[in-house]
2 protein chains.
Amino acid sequence: MRQRQLTEEPQNQDIRALTLDTALRLFTEKGFFNTSMQDIRKDADVSIGSIYHYFKSKESLAQALYHDLVGRFEKAVEEIMLRHGSTHDRARAVTLFLLEMAENSPQGIQFLFCAKHREFLPCEKPICASRPFELIRDIVATGIERGELCELNPVVATASLFGGVIRLIHLKLDGALEGSLPDYFDQIWQCAWASVT
Amino acid sequence: MRQRQLTEEPQNQDIRALTLDTALRLFTEKGFFNTSMQDIRKDADVSIGSIYHYFKSKESLAQALYHDLVGRFEKAVEEIMLRHGSTHDRARAVTLFLLEMAENSPQGIQFLFCAKHREFLPCEKPICASRPFELIRDIVATGIERGELCELNPVVATASLFGGVIRLIHLKLDGALEGSLPDYFDQIWQCAWASVT
DNA sequence: GTCTATACCTGGATAGAC
DNA sequence: GTCTATCCAGGTATAGAC
């Protein structure tokens, strides 16, 4: 894993990065299966040969994208756990992070939260079994143990605490919500916190 | 629309219904794009010719499925609105309905809530703009007007009230939740209601 | 109305020049 | 490392017999 990155990264990153950017945009706009390698080629203005030089298949391109995004999300959650101690502050920071990410890089969050990866990355675990989601469940489980949240099944508590924001993000991405997402932070966070205390 | 149904329905419904059932199963198991008409043909044990006799294309097959499911969901919400008057009872009944449907016909709910229809039904509105979802937002909006829910943006309130259940259903379908969904009804409903009052 | 055989085409991936 | 040209599998949809 880390080794693969080492052998790939010393190469010229321009085309690789450009391809990733373009693919993310097209995958989220039209979906993985509606996006052909030719579409990516055209939009990125590079050749098919170059793309296949950096990625051995369309699937591995999607996988690189996915791992990159999951990794960034994981890092963000880890930082939040270091910076904040109480369950309240941690969950609040995660909520804010999600809203800001959805506003600033909607494609990233759409690919992470709304795409059905299993359909084009059959070897991948479901997203909710990935590391960052585990960390979030840990935050909640710890909160229940410490008595900072009320006694609930941890999965139910997590769904309740973050289901609202995630749903709100879905609605925004589908065009059902006006205005900017972070504007709703106070409202949605207040609801979420009230639901588990 | 109604006319098309009239011309189609007098025919032998066995193959049509069998095709729809099989398609729903395969679409939810493997995804629309990973399911070929040949796959449906094999699993339903009918011929390609027969399928194309009832559905003019793969897309129209998916559309029939989708309209059927949206229609059933809409009818369920309408009945709930007739049977119950208060916002509390209405939202509670919708929550219970969702959990029971997810338990009894997981494929139906998965196709309705988790599939990305726009990718294979490009002319369809986003699911959250469909009639049953509008009805649910109406329930919430009315609740706010009547003072049965606290003053919130209606979309935020809806996300908060139903985001938890929807998230829980996602988690269950992804295998992240043990046990049967309706068992968690009390917990999740209590959280949801507390979040908006 | 149901079937088989097949036409047609898109799209992923490769070969090989530069 | 980057490109163009091309191969080939697989999938949708149709034609036409029964």
- Item | Closest-nucleotide 5' rank along DNA chain D - winner of A/G49 and A/Q38 | A/G49

- Item | Interatomic distance where CG belongs to A/D14 and C1' belongs to D/dT2 [whole Å] | 13 Å

- Item | Residue-phosphate contact under 4.0 Å: B/Y54 side-chain N/O, C/dT2 OP1/OP2 | yes

- Query: Is B/S47 near enough to C/dT4 that one of its side-chain N or O atoms lies under 4.0 angstrom from OP1 or OP2?
  - Reply: no

- How would you label the contact of B/T35 with the nucleic acid (heavy atoms, under 4.0 Å): base, sugar-phosphate, or nothing? sugar-phosphate

- Message: Cation-pi check for B/F32 against A/K116: NZ or CZ below 6.0 Å from the six-membered ring centre and within 45 degrees of the axis, yes or no?
- Response: no

- Closest-nucleotide 5' rank along DNA chain C - winner of A/N34 and A/I48: A/N34

- Query: With no hydrogens and no angle check, is any side-chain donor or acceptor of B/E103 less than 3.5 Å from a backbone partner on B/L181?
  - Reply: yes

- Message: Given D/dA13, D/dT2, C/dG11, identify the nucleotide with an atom nearest to the side chain of A/S36.
- Response: C/dG11

- Task: With the side chain of A/I15 defined as its heavy atoms from C-beta on, choose the nearest nucleotide among C/dC3, D/dT2, C/dA13.
- Result: D/dT2

- Task: Respond yes when some side-chain nitrogen or oxygen of A/H53 is under 4.0 Å from OP1 or OP2 of D/dG1, and no when none is.
- Result: yes

- Residues A/R131 and A/E134 bridged, charged N to O under 4.0 Å: yes

- Message: Does D/dC3 have OP1 or OP2 under 4.0 Å away from a side-chain N or O of A/S50?
- Response: yes

